[in-house]
Amino acid sequence: MAYDFKSIEKKWQKIWEKEKLYKTDVNDFSKPKYYVLDMFPYPSGAGLHVGHVEGYTATDCLARMKRSQGFNVLHPMGFDSFGLPAEQFAIKNNKHPGPFTDKNIEQFIVQLKKCSFSYDWDRVIKTSDPKFYKFTQEIFLSMFDDKLAYFDARPVNYCKELGTVLANEEVIDGYSERGHYPVTRIMMQQWILKITAYAEKLLEGLDYLEWPSSTIEMQKNWIGKSTGVEIVFDVYNSKDSFTVFTTRVDTLYGCTYVVLAPEHKLVDKLTTKECKKQVEKYKQECSKKSDMERTELNKDKTGVFIGSYAVNPINNKKVPIYIGDYVLASYGSGAVMAVPCHDQRDYEFAKKHDLPMIQVLEGDVSTCAYVEDGKHINSEEANNLNIEMAKKVITEKLVKMNKGKEKVNYKLRDWLFSRQRYWGEPIPVVHLEDGSIIGVDKKSLPVVLPDLDSYAPLGDGQPPLARATKWVNVKIDGKKGKRETNTMPQWAGSSWYYARFIDPHNENEIGEKRLLNHWLPVDTYIGGTEHAVLHLLYARFWHRYLYDKGVFSCKEPFKKLYHQGMILGSDGNKMSKSFGNTVNPLDVIEEAGSDSLRLYEMFKGPLDQSLPWSDKGIGGAYKFLDRVYRLFTDEFYVSKWSNESEDKLEYIYNFTVKKVTSDYEILHFNTAISQMMILVNEFYKSEKLPKYMLQGLVQMLAPIAPCVCAECYQLLGNKDYIDFAKWPTYDEKKIVKDEVTYAVQVNGKLRTTLKYKINIDEKEKQELQNEVLKLEELQKFIQNKPIRKVIIVVNKIINIVI
RNA sequence: GGCUUUGUGGCGUAAUUGGUAGACGCGAUAGACUCAAAAUCUAUUGCCCGUGAGGGUGUGUGGGUCCGAGUCCCACCAAAGCCACCA
């Protein structure tokens with residue numbers, strides 16, 4: 001290895017640290033601001049991962065370029081330091097998780113510094129710091145006051161292995177997102193945030209964002225807005241009625257039965273004596289099934305008749321009432337109208353229970369094939385109408401009869417916000433003896449986590465905090481009460497941390513209003529796609545709430561979002577201890593330096609792509625940096641340095657500055673690097689090396705390989721820091737050539753090329769055509785066949801059609 | 001089942017957005033330097049036929065639009081991600 005990256009990197013990292021070169025003066029409004037942020041890591045004991053390095057390098061490149069371009073850049077790092085591994089460590093070793101976490105954070109910081117990231121280290125925050133979670137609690141209290149946080153009994157996702165309840169977003173196919181343990185539904189009193197109140201706002205906010213379309217799509221799906229009609233069905237021979245929700249009101253004439261969820265509140269009342277036995281039996285079976293079983297068995301549409309009938313309001317027909325667990329109690333009104341001819345599920349249920357079917361849309365419905373659109377039949381006033389018109393007509397009729405109204409439903413459920421854990425923010429409320437719940441006085445925040453003798457759950461469902469009896473029992477205004485012993489989920493701190501970086505030492509408020517207004521939103525946010533709904537949805541919710549409260553002045557927290565791909569093991573598998581295919585960034589830095597590591601990760605392909613790690617690739621990155629470094633140290637090349645320009649390099653240099661600048665802006669680092677490689681290849685062939693071009697090269701490369709470029713910049717005789725040197729510019733005139741190469745085709749096949757003047761007019765086009773037709777190498781293709789047409793696209797191509 | 005994205009050499013990928021496909025890098029082959037090796041430099045490198053000049057063919061498959069398609073349209077195949085009994 002030729003160039004001494006070790007001493008170079010050590011030298012520059014030391015200078016940055018000593019000079020506090022990347023400290024941001026947030027009060028300096030004289031320059032335009034740029035806020036570039038990484039999704040902050042959980043400080044695990046395993047330390048930094050090559051996957052972290054990829055995203056962090058991308059943001060670091062952006063930060064470094066923006067500094068050079070005259071922006072006041074905020075580029076901070078923090079730690080999502082509440083979390084499960086620390087809790088498990090605490091339980092196992094019976095030690096407080098705090099010091100354990102702090103040790104991991106220290107280790108992380110050492111590693112991040114070795115990667116040459118340009119963070120402002122005076123702004124490090126951690127969510128487990130009481131100075132930080134004071135405000136997490138304050139936001140919660142504010143939501144509590146606004147009735148957006150409530151304590152309620154409901155079926156919740158409970159994970160026995162993890163010993164806690166989980167949010168819907170944390171449950172995947174009946175298993176916990178973390179650890180993949182089974183999750184069951186049980187009734188429990190829990191803290192819930194009313195995110196559903198923000199469903200529409202969260203949907204609308206997506207319009208302002210420059211996010212990957214797939215992520216926007218996922219959020220839309222998760223919110224799951226559907227517009228339809230709520231229809232009242234009276235129970236036959238009874239004063240009772242219930243509503244169903246449908247998006248296909250146009251098929252109402254095809255409704256031949258209705259199905260209630262087994263948990264529907266009218267089921268017991270409407271069940272007749274004759275059916276009581278089978279209904280009770282069915283309900284029991286359902287309650288025994290886990291969510292997982294319910295969905296796994298989705299091909300089998302089970303259910304039973306409850307003996308009563310309902311009246312279809314559109315035609316007064318009597319239809320039987322069934323219960324079936326394919327109808328979910330938690331969505332819509334927990335009841336559906338069944339149209340077996342035009343709904344797959346209803347069709348399956350009807351077949352199984354031998355129920356009648358009425359076709360109301362033309363077309364083949366023998367297998368309930370989906371009918372795109374068409375004329376309605378058997379539908380009275382809706383006959384001959386298409387779906388849209390039929391919906392309109394039938395809705396109007398129902399509204400007139402007072403039997404229906406338009407309704408919007410969302411799949412989004414409220415956010416289950418409490419966890420039976422120790423290592424999280426205490427929920428700052430007190431349960432009084434009279435059963436009422438009050439928030440603690442804002443002035444007494446933070447409610448600090450008490451130390452415990454043991455951090456294990458009590459085993460009776462009570463959270464570990466219940467052990468701290470002295471802490472739990474309080475007296476407020478003479479009334480006895482108990483503190484809440486559940487804690488907040490890990491998502492709490494990460495729902496607003498990005499705002500804290502702006503004014504991290506402010507003890508009175510989240511941040512000084514003037515500063516928050518100036519610095520928010522985050523301009524560019526980079527992190528993994530795994531948070532597409534979880535963190536990114538929660539943070540948008542909190543942000544929008546705080547916007548409504550006037551704390552923030554913008555509606556959305558993250559303007560631009562990118563996801564970095566995953567770095568796989570060299571075997572193509574996900575990197576993990578069990579595969580033994582992990583790569584430790586520190587090992588790579590030890591061997592080839594952080595500059596090479598960063599260059600490799602940015603060059604290997606598009607940022608959002610998941611690619612396997614390659615040792616060979618690192619070698620290639622190192623080779624390129626060595627090649628650059630030699631231009632500044634090898635006598636042979638240094639002797640070619642020149643204070644004048646070199647005509648032969650003008651085009652390629654100016655073009656490179658243009659391309660690299662625009663590619664960085666859109667995070668296309670791989671193509672920017674390849675362009676710089678082309679430039680370096682040209683430098684190697686050149687007789688003269690203009691110093692300003694050498695300087696431009698290292699300035700452009702510095703965001704990716706900051707240490708070796710800082711060194712080269714100094715070798716050119718510069719006394720200032722490369723980090724703030726004005727970003728290289730290009731001359732548009734130098735990029736325009738006076739000659740262009742035309743591709744000459746015959747019948748669309750490339751036959752030859754021709755150099756010609758650039759930007760020709762109509763008359764010159766004719767001249768070019770004449771010239772082309774005379775070209776000797778084309779004669780054998782043209783032969784004597786008649787020429788039908790000659791197409792000339794200026795500066796690009798000539799196609800002769802024969 | 002629904003939605004979204006992707007399919008290009010031995011490998012990672014690029015393509016001015018409808019205009020010379022394979023830039024750049026890795027790997028490979030040959031040569032220079034060296035006692036030798038490493039490093040470095042130079043050349044070649046999609047596939048097929050041909051000693052060669054040259055020709056043919058080629059961006060998952062099949063069709064279509066167009067003077068011209070990796071790019072646009074239709075159908076299909078494959079992979080990845082998300083959602084999923086959401087009425």
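Numbers restart at 1 for each chain; the letters A, B, ... are given by sequence-line order, proteins then strands.
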Is there, by distance only and without an angle test, a donor paired with an acceptor across the side chain of A:K301 and the base of B:rC85 below 3.5 Å?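 Between B:rC85 and A:K301, which were checked side chain against base, a qualifying N/O pair under 3.5 Å is present.
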What's the gap between [N] and [M] when it is taken at their [atom1] atoms, as a whole Å value?
| N | M | atom1 | result |
| --- | --- | --- | --- |
| B:rU20 | B:rU71 | C1' | 16 Å |
| B:rU5 | B:rU57 | C1' | 31 Å |
| B:rU65 | B:rC73 | C1' | 7 Å |
| B:rG58 | B:rG70 | P | 10 Å |
| B:rA69 | B:rG64 | P | 12 Å |
| B:rG10 | B:rG60 | P | 13 Å |
| B:rC26 | B:rA21 | P | 26 Å |
| B:rU51 | B:rC74 | P | 47 Å |

Report the relative orientation of the aromatic rings in A:Y742 and A:Y756; use parallel for angles under 30°, tilted for 30 to 60°, perpendicular for over 60°.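 A:Y742 and A:Y756: perpendicular rings.
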Can you label the angle between the A:H180 ring and the A:Y175 ring as parallel, tilted or perpendicular, going by 30° and 60°? parallel
Are [X] and [N] close enough that a side-chain N or O sits under 4.0 Å from OP1 or OP2?
| X | N | answer |
| --- | --- | --- |
| A:Y684 | B:rC41 | no |
| A:R751 | B:rG56 | yes |
| A:K749 | B:rU57 | yes |

Rounding to a whole Å, what distance do you find between [X]:[atom1] and [N]:[atom2]?
| X | N | atom1 | atom2 | result |
| --- | --- | --- | --- | --- |
| A:L750 | B:rA69 | CG | P | 13 Å |
| A:L599 | B:rC24 | CG | P | 16 Å |
| A:D325 | B:rC85 | CG | C1' | 9 Å |

If the condition is side chain to side chain donor-acceptor pair (under 3.5 Å), which residues does A:K640 pass it with, not counting sequence neighbours? none
Annotated protein contacts, base or backbone, on nucleotides 78-83 of chain B with a non-hydrogen cut-off under 4.0 Å, one of B, S, - each: ----SS
Could you run through nucleotides 7-13 of chain B and give me one letter per nucleotide, 5' to 3': B if any protein heavy atom sits under 4.0 Å from the base, S if only the sugar-phosphate is that close, - if neither? -----BS
Donor-acceptor under 3.5 Å (A:Q359 side chain, A:L361 main chain):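 Flag set: sc A:Q359 to bb A:L361 pair under 3.5 Å.
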Please list all pairs passing the salt bridge (Lys or Arg N to Asp or Glu O under 4.0 Å) test where one or both residues lie in residues 663-677 of chain A, with sequence neighbours left out. A:K66-A:E665, A:K659-A:D663
Nearest-0.5 Å distance that lies between atom NZ in A:K411 and atom CH2 in A:W222: 8.5 Å
To the nearest 0.5 Å, tell me how far A:D343 CG sits from A:M337 CE. 9.0 Å
Between B:rU20, B:rA87, B:rC24, which nucleotide gets closest to the side-chain atoms of A:T753?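 In terms of side-chain proximity for A:T753, the closest of B:rU20, B:rA87, B:rC24 is B:rU20.
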Side chain of A:I678, heavy atoms from C-beta onward: which of B:rA87, B:rA23, B:rC41 has the nearest atom to it? B:rA23
Donor-acceptor side-chain pairing of [X] and [Y] below 3.5 angstrom:
| X | Y | result |
| --- | --- | --- |
| A:Y410 | A:E200 | yes |
| A:E348 | A:Q344 | yes |
| A:D346 | A:Y326 | yes |

Glycosidic torsion of B:rU4 (syn if within 90° of 0, anti otherwise) classifies it as anti
What form does the base of B:rG12 take, syn (within 90° of 0) or anti? anti
Is there any protein nitrogen or oxygen under 3.5 Å from a nitrogen or oxygen in nucleotides 15-17 of chain B, and what are the pairs?
none

Could you list the protein-to-nucleotides 64-68 of chain B atom pairs, N/O on both sides, closer than 3.5 Å?
{"from": "B:rC67", "atom 1": "O2'", "to": "A:N799", "atom 2": "ND2", "distance (Å)": "3.0"}
{"from": "B:rC67", "atom 1": "O2", "to": "A:N799", "atom 2": "ND2", "distance (Å)": "2.8"}

